[in-house]
Protein chains: 2
Amino acid sequence: MVTSDWEFTPVVQQSTPGLIAQQLRESLISGKITAGSQLSEAALAKAFGVSRGPLREAMQRLLQEGLLRSERNRGIFVKELTQDDIADIYDARSAIESAALRMVVSRGASADLSKLRQACANLAKAAASGERQSVSDADLSFHAALVNASGSPRLVRMQATLLAETRMCITALEATQDDVATVVDEHRLILEALESGSLETALERLQDHMQDGVMRLQRAEEV
Amino acid sequence: MVTSDWEFTPVVQQSTPGLIAQQLRESLISGKITAGSQLSEAALAKAFGVSRGPLREAMQRLLQEGLLRSERNRGIFVKELTQDDIADIYDARSAIESAALRMVVSRGASADLSKLRQACANLAKAAASGERQSVSDADLSFHAALVNASGSPRLVRMQATLLAETRMCITALEATQDDVATVVDEHRLILEALESGSLETALERLQDHMQDGVMRLQRAEEV
DNA sequence: TACCTGTAGATTGTTGACACTGCGAGATTC
DNA sequence: GAATCTCGCAGTGTCAACAATCTACAGGTA
């Protein structure tokens, strides 16, 4: 019997709570929902055109990702990020991404850096366009590509939630990339160190880049 | 009116899904529920004496912690861990705990190592008792204390899920700590390096300890 | 006999309704 | 006038029933 020769892509029916969580996450990290405000289950359910069951499941996910905060019998609120949170997010990101660097380098030649080069090019393009939003998107895409290259599903998952929090910080504070050229350079330097296989240099540059990020955000918070 | 002078401990009403998740997690990591088996919502709901709503929320949490696996319209199954998973878990743990080491050392004298010393003593005591279960419990408690000492809530949270997975591995494979004395020593050496403030030594010893752990589990898997 | 098709049972996904909790506005008392 | 109490409302927590989906098995056909 011929079962193939057609090569259809298998249908992947996304679950309703998954779709809702995705849309909610977008709204949260883009700042469409202001920090600290309460999310009414009934209102959201009506907006999404579903009942409260699936909506609650979506909220559960975002709760565990740390984007929301729950008070029993009171409701669910958008988490507000303090200075300490910002520092902690970047500490955790450093931990994950440093480990990813080590893993990529330890693979040596078998590592696939093409996605990283692509991400770096996209960042340069975004910087040239001048749009702040697309610059920070490309920035975080680079970091995501870095951890992807490590091939560790758990590192990828943990970083995903950290990147969502990072996006929340950036949009909430409307942090300006005062010097776009520097940011692009920092990423390119990391990639170059990676390509030449010099782990220590790459780690150092990543660390510096992270520290820059924290300082930029914390300066924005003070205003 | 006098509101104080009584000093009662405030009542912390745990949420129902939270309590269910806790019990389920215990059953999963202790191996009471065999890997790969399906978890029937109706059956579990009856067992816990609640309806399927709260139970589904509890499952959601464990799903996101990576202890369960969901197939849409099919059901939820206990995740079975492959060799690759074991390696990945330990890679991720190394990433988190190495970062924690760095943070503890960078604090210098202000770091609170008393909990770590306590955990180390407990481990030695457990080793003397000879019970395998309490040895691995004390082992993981030490690592938890290490990350706690870092003071980073996000590292703590990420490690918590990794430790749950580690426990699942250990009980599923009934991994034997063939040489208990060595395990105790490895932990003590890490603590000593930490106390003397020599970061590089501590990192090296942690790395070795982790590698030992992976090898022990992967050898058990082959059987 | 081998294969396909249709149906039955079981399980998950979703819904609307009910119960309980916490907050705030208004009434009441000193 | 200020503090306290009570009631109502808005919201979450929980439940039982309904709808949709999948698997397995029985029946029919070439």
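By convention in this document, chain letters (A, B, ...) are assigned in the order of the sequence lines, proteins followed by strands, and residues within each chain are numbered from 1. Below, each value reflects all heavy atoms present in this structure, side chains not excepted, and no hydrogens, waters or symmetry copies.
Between the side chain of B/T171 and the backbone N or O of B/I29 there is at least one donor-acceptor pair closer than 3.5 Å.
In the set D/dT21, C/dT15, C/dG22, D/dT21 carries the atom at the smallest distance from any side-chain atom of B/N73.
When heavy atoms are screened at a 4.0 angstrom cut-off, B/S15 is found touching no nucleic acid atom at all. As judged by a 4.0 angstrom heavy-atom cut-off over every strand, B/G75 is placed among residues touching the sugar-phosphate backbone only. Using a 4.0 Å heavy-atom criterion, one finds that B/L55 contacts no nucleic acid atom at all.
If you take CD of A/E57 and C1' of C/dT14, they are 10 Å apart, rounded to a whole angstrom. Between the CD atom of A/E71 and the C1' atom of D/dT12 there is a distance of 12 Å, rounded to whole Å. Between B/E41 atom CD and C/dT12 atom C1' there is a gap of 6 Å when expressed in whole angstrom units. Between the CZ atom of A/F48 and the P atom of C/dT14 there is a distance of 14 Å, given to the nearest Å. To the nearest angstrom, P of C/dG13 lies 11 Å from CZ of B/R74. The separation between A/L39 atom CG and D/dG13 atom C1' is 17 Å, rounded to whole Å. At whole-Å resolution of the value, CD1 in B/I76 and C1' in D/dC22 are 16 Å apart.
Each of A/R56, A/E57, A/Q60 was scored for a side chain to side chain contact (heavy atoms under 4.5 Å, CB included) with B/R56, with one residue passing: A/E57.
No hydrogens or angles were tested; on distance alone, a donor-acceptor pair under 3.5 Å links the side chain of B/R52 to the base of C/dG13.
Between C/dG13 and B/R56, a contact under 4.0 Å exists linking OP1 or OP2 to a side-chain N or O. For A/R72, no side-chain nitrogen or oxygen approaches OP1 or OP2 of D/dG13 to under 4.0 Å. Using a 4.0 Å cut-off, no side-chain N or O of A/Q38 falls inside it from OP1 or OP2 of D/dA10. In terms of phosphate contacts, B/T16 brings a side-chain nitrogen or oxygen within less than 4.0 Å of OP1 or OP2 of D/dT14.
A salt bridge is absent between B/E26 and B/K32: the closest approach of a Lys/Arg side-chain nitrogen to an acidic carboxylate oxygen does not fall below 4.0 angstrom. Using a cut-off of 4.0 Å between Lys/Arg side-chain N and Asp/Glu carboxylate O, A/D137 and A/R167 are scored as salt-bridged.
In this structure, the side chains of A/I86 and A/L173 come closer than 4.5 Å at one or more pairs of heavy atoms.
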